[in-house]
2 protein chains.
Amino acid sequence: MGDLVTITPAEHTALARLEERERKVRRGATLQRANDRVGELFILRKGTMMSSVLLDDGSRQILRFQFPGDMMGLTSLVYREAPETITALSDSVVCPFERSALSEILSAHPRLAALMMVYGQIERAALTDRLAAIGRTSAKARVAAILIDMRNRLRMLDKHIGNSFMLGLTQEEIGDATGLTAVHVNRMLRQIEEEGLIARENGRVTFLDEGGLMRAANYADRYEGLDLSWLPAAR
Amino acid sequence: MGDLVTITPAEHTALARLEERERKVRRGATLQRANDRVGELFILRKGTMMSSVLLDDGSRQILRFQFPGDMMGLTSLVYREAPETITALSDSVVCPFERSALSEILSAHPRLAALMMVYGQIERAALTDRLAAIGRTSAKARVAAILIDMRNRLRMLDKHIGNSFMLGLTQEEIGDATGLTAVHVNRMLRQIEEEGLIARENGRVTFLDEGGLMRAANYADRYEGLDLSWLPAAR
DNA sequence: CGTCAAATTGAAAATTATCAACGAGAGTGG
DNA sequence: CCACTCTCGTTGATAATTTTCAATTTGACG
């Protein structure tokens, strides 16, 4: 949250209480399973994770990728049973906390409540972009969009990531995020590569023509263009 | 919000301040256009509206349908420029209010802040269901899902809506919501009808086999199964 | 060296889009 | 009251995109 506004010491203390405990999650392990009874929320401290739903024909839709600093499992604010599965994409560390802890923060720190609504809306915008991409753009555009999105989000964590990065997703995972089959993802990656937009070498992707890639993907960065002047004063 | 918890008089007064002004919006008129500079939020008082994005090849993706009581334009909490367009599906009445008004409520009424997060998460769940449907289910399933969703949401407003209701969407709008063409929507509606799941007569849809329809659609009702026991006390 | 997940490739099939046309019904101006 | 126009729904034929199935290859790792 410190990226958006300057956090006061009192707010910092309150947020730190959410991260008192730690739990390790191995790559592939499940933190929360859909339809399980749940109550805990999490902050991702290290690693990357994803939230997904499993349809009853066995296919999977990945809803969102999570990076360090993200809150996860916010839906258990609302539902008795989790609607989403949360899985580790790489070995990760999470900080579990109780709903009541969040409740106390909302009461004591209105500005943090507002900031959480802000994050909720950023996430909403990201989800709606994905929705529009899956509903209305070609397979190639969707794959390109995932590449750009992953690069941008990784770069938020590590400022000196440039045009080259470890993707950290299998082609099957890209397919589950974009609503395509792994086979078709493979063909689209190859096509994007043949057009000279990217280069690939075992998991590392390099953007050769970022402008062309953005145009192919119809991409909008939802972490830009923010206006937070309306936030209440810190308490 | 009164559907979820009992609102105290003080909370009621605070919320009523959001609805002091009224504005009429004719069917087809645009309340907020994507990429316009915006600052206002809205509560929908009467009618139905939709939020959508327009891609630059001219195609449209409908993100969400709005019904009376819904807050709209929450993204202007965050962005200088609106990412979504909000349009009236029928003649409607909205109540515009300022971001600062919301800010004051968050500070003065923590339980309302929490309830707004709850609504945000319900909306998120609805969006992710749509995402999974568009990404991973057949055209027929997506159309069936829209039918069920519209019926359920209309029934929340009017308890004695049963198996028959006015859909209030053109086939083109159904297509833009499901990521299909209007032509294909037509064929899917016909097919669902021929299978005896629904009947249609100029805009009115009647469910003949609700169980079959739910199975065809892979449907989950996100307004059920809530657990709000963690909410802070009313102030 | 053997094994296993992941990537790659080709061919055929299924789904969905595109194009083009027509019909029904609502509103509108003469 | 009668063209006239417009939107919406409907239908058929064809094309494009994406999936499915079935191998095969590659690379990491014990």
Side-chain angles (χ1 to χ4, degrees), chain A residues 26-29 50 55 57-62 87-91 133-147 166-194 198-205 216, chain B residues 26-29 50 55 57-62 87-91 133-147 166-194 198-205 216:
Chain A
R26 289 212 179 285
R27 160 166 174 73
M50 63 177 180
L55 307 198
D57 67 346
S59 63
R60 179 176 67 169
Q61 175 69 48
I62 295 178
T87 316
L89 282 167
S90 65
D91 289 350
I134 295 182
R136 288 301 190 198
T137 73
S138 69
K140 190 167 74 168
R142 296 184 224 172
V143 172
I146 284 277
L147 294 180
M166 294 300 299
L167 182 52
L169 299 175
T170 67
Q171 295 181 358
E172 177 132 25
E173 285 159 352
I174 298 175
D176 286 343
T178 53
L180 300 168
T181 57
V183 172
H184 205 55
V185 168
N186 182 285
R187 293 193 232 263
M188 294 301 106
L189 280 172
R190 177 156 314 279
Q191 196 178 323
I192 293 170
E193 189 175 26
E194 279 167 5
I198 64 170
R200 296 181 300 154
E201 359 152 25
N202 38 5
R204 171 167 291 276
V205 174
Chain B
R26 289 212 179 285
R27 159 165 174 73
M50 63 178 181
L55 307 198
D57 67 345
S59 62
R60 179 176 67 170
Q61 175 69 47
I62 294 177
T87 316
L89 282 167
S90 66
D91 290 349
I134 294 183
R136 287 302 191 198
T137 72
S138 69
K140 189 166 76 168
R142 296 184 223 171
V143 172
I146 284 277
L147 294 180
M166 293 302 298
L167 183 52
L169 299 175
T170 67
Q171 295 181 359
E172 177 132 24
E173 284 158 353
I174 297 175
D176 286 343
T178 53
L180 300 168
T181 57
V183 172
H184 205 56
V185 168
N186 182 285
R187 293 191 230 264
M188 293 301 106
L189 280 172
R190 180 159 311 281
Q191 194 178 324
I192 293 171
E193 189 175 25
E194 277 167 5
I198 63 169
R200 295 182 300 154
E201 2 153 24
N202 37 7
R204 171 167 292 276
V205 174

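Proteins come first, then strands; the chains are lettered A, B, ... in the order of their sequence lines, and each starts at number 1. Predicted model, so just to flag it, every value in this text is computed and none were measured.
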Original post:
Counting just side-chain N and O atoms, does B:Arg200 come under 4.0 Å of either OP1 or OP2 of D:dT10?
Top reply: yes

**OP:** Give the angle between the helix axes at the two ends of the helix from C:dC1-D:dG30 to C:dG30-D:dC1, taking five base pairs at each end and rounding to 10°.
**Re:** 40°

Side-chain donor/acceptor of [X] to backbone N/O of [Y], under 3.5 Å:
X	Y	answer
B:Arg204	B:Met166	no
B:Gln61	B:Ala177	yes
A:Arg136	B:Leu180	yes
B:Asp91	B:Arg27	yes
B:Arg142	B:Thr178	yes

Atom-to-atom span, [atom1] of [X] to [atom2] of [N] - whole angstrom:
X	N	atom1	atom2	answer
B:Arg136	D:dT18	CZ	P	13 Å
B:Arg204	C:dG25	CZ	C1'	19 Å
B:Ile134	D:dT18	CD1	P	15 Å
A:Met188	D:dA16	CE	P	15 Å
B:Gln171	C:dA24	CD	P	16 Å
A:Gln191	C:dT9	CD	C1'	15 Å
B:Leu169	D:dC8	CG	P	12 Å
A:Glu193	C:dA7	CD	P	13 Å

Original post:
Taking DNA chain D as the partner, which of residues 173-186 of chain B come within under 4.0 angstrom of it by heavy atom?
Top reply: B:Val183, B:Asn186

Subject >> Nearest-nucleotide comparison on DNA chain D, the residue closer to the 5′ end among A:Lys140 and A:Asn202 >> reply: A:Lys140

**OP:** Could you check whether B:Arg187 gets within reach of a base, just the sugar-phosphate, or nothing at all, counting any heavy atom under 4.0 Å?
**Re:** base

Original post:
Which part of the nucleic acid does B:Arg27 contact within heavy-atom distance under 4.0 Å: base, sugar-phosphate only, or nothing?
Top reply: sugar-phosphate

Closest non-hydrogen atom pair between [X] and [Y], with its separation:
X	Y	value
B:Asp57	B:Ser59	OD1-OG, 2.8 Å
B:His184	B:Ala139	CD2-CB, 3.6 Å
B:Ala141	B:Ala216	CB-O, 3.1 Å

Subject >> Derivation of the side chain to side chain contact (heavy atoms under 4.5 Å, CB included) call for A:Leu147 and A:Leu189 >> reply: CA-CA 10 Å; A:Leu147 294 180; A:Leu189 280 172; 4.1 Å; yes

